[in-house]
Amino acid sequence: MLAGLLLASFGFAIPATATEGPTYLYANRSTGWGFSNTSLTSPGPNLEVEVGEHVTLNLTSLDGRNHNWFIDYNGNSVVDANESYSDSGTFRGNLQYNFTVGNQTGTFVYRSRFNGDGNLWGNITVRPAGFLGGLLGNPLLLAGIVAVIVAIVAVAIWARRRPRQPEEPPAE
């Protein structure tokens with residue numbers, strides 16, 4: 001039963017990441033980013049990636065204006081030297097953009113840098129690479145594992161404290 005709980009926590013808690021295939025993002029200056037042309041919001045959808053991951057974004061401008069996509073690590077709304085590897089360049093229609101995630105971990109803002117693109121932003125979480133990075137970066141999964149460990153310890157304590165039947169004397 002406990003093994004089933006542990007496996008279930010893995011199944012429900014692992015978030016979608018960019019390695020599962022291209023991520024489609026649609027942009028509109030007035031309504032924001034979205035995974036579809038009808039789901040635009042500001043802030044845009046949350047993205048999760050790992051350090052060193054190869055990411056493919058299919059970017060589409062729905063309003064016919066110039067936009068770009070970049071990770072703004074320091075929150076100053078411009079593409080700095082350490083952010084230039086995540087800058088898609090300008091797109092007005094469709095653009096397939098590939099990049100490899102840098103080694104800064106945490107939650108940052110992705111955005112477009114053009115004047116008037118104030119609604120084009122969202123959060124991107126960069127986790128450490130590998131299994132432990134994914135584990136430690138996922139609070140729901142971590143809580144599931146802790147719950148299973150607590151259950152195992154509780155069962156072990158209960159079994160140890162349970163009154164035992166005295167052994168029957170050997171037959172003569």
Side-chain angles (χ1 to χ4, degrees), residues 1-27 31-59 69-77 80 82-83 85-86 88 97-112 119-171:
M1 181 171 110
L2 292 176
L5 287 173
L6 182 60
L7 289 174
S9 71
F10 276 101
F12 290 115
I14 296 175
T17 64
T19 57
E20 295 173 356
T23 298
Y24 291 84
L25 282 177
Y26 296 82
T31 50
W33 294 103
F35 287 138
S36 72
N37 62 355
T38 59
S39 67
L40 303 175
T41 59
S42 183
N46 292 328
L47 303 177
E48 293 191 24
V49 295
E50 288 186 0
V51 168
E53 182 176 343
H54 182 73
V55 177
T56 299
L57 297 176
N58 285 322
L59 304 167
W69 186 97
F70 73 99
I71 300 173
D72 189 6
Y73 285 101
N74 63 4
N76 68 354
S77 299
D80 295 313
N82 69 325
E83 299 163 342
Y85 69 88
S86 73
S88 70
Y97 172 59
N98 300 298
F99 72 100
T100 302
V101 178
N103 62 3
Q104 288 180 269
T105 60
T107 299
F108 307 99
V109 175
Y110 66 87
R111 61 177 80 238
S112 179
N119 286 328
L120 287 174
W121 69 278
N123 291 314
I124 183 166
T125 300
V126 180
R127 298 186 313 258
F131 174 75
L132 278 181
L135 174 68
L136 298 177
N138 186 338
L140 191 57
L141 179 59
L142 196 55
I145 290 172
V146 168
V148 168
I149 292 170
V150 167
I152 290 170
V153 168
V155 167
I157 290 171
W158 173 80
R160 184 135 170 89
R161 294 181 146 202
R162 188 176 79 193
R164 295 190 176 19
Q165 302 268 336
E167 289 185 26
E168 296 203 15

Between [X] and [Y], what is the shortest heavy-atom contact and its length?
{"X": "L47", "Y": "T23", "result": "CD2-CG2, 4.2 Å"}
{"X": "S42", "Y": "W121", "result": "OG-NE1, 3.4 Å"}
{"X": "T105", "Y": "R127", "result": "CG2-C, 4.0 Å"}
{"X": "Q104", "Y": "V126", "result": "O-CG1, 3.1 Å"}
{"X": "V101", "Y": "E50", "result": "CB-O, 3.3 Å"}
{"X": "V51", "Y": "N103", "result": "CG1-CA, 3.7 Å"}

Looking at [atom1] of [X] and [atom2] of [Y], how far apart are the two atoms once the value is rounded to the nearest 0.5 Å?
{"X": "N58", "Y": "Y26", "atom1": "CG", "atom2": "OH", "answer": "8.0 Å"}
{"X": "S39", "Y": "W33", "atom1": "OG", "atom2": "CH2", "answer": "12.5 Å"}
{"X": "S88", "Y": "L25", "atom1": "OG", "atom2": "CG", "answer": "10.0 Å"}
{"X": "S36", "Y": "Y24", "atom1": "OG", "atom2": "OH", "answer": "13.0 Å"}
{"X": "F108", "Y": "S86", "atom1": "CZ", "atom2": "OG", "answer": "10.5 Å"}
{"X": "Y97", "Y": "L57", "atom1": "OH", "atom2": "CG", "answer": "7.5 Å"}

Would you say [X] and [Y] make side-chain contact, with heavy atoms under 4.5 Å?
{"X": "F99", "Y": "F70", "result": "no"}
{"X": "T125", "Y": "E48", "result": "yes"}
{"X": "I124", "Y": "V49", "result": "yes"}

Can you list the steps and then say if D80 with N74 is a side-chain contact (heavy atoms from CB on, under 4.5 Å)? CA-CA 9 Å; D80 295 313; N74 63 4; 2.8 Å; yes

Audit row: N123, T107, side-chain hydrogen bond (donor to acceptor under 3.5 Å, both in side chains) steps and yes/no: CA-CA 7 Å; N123 291 314; T107 299; over 6 Å; no

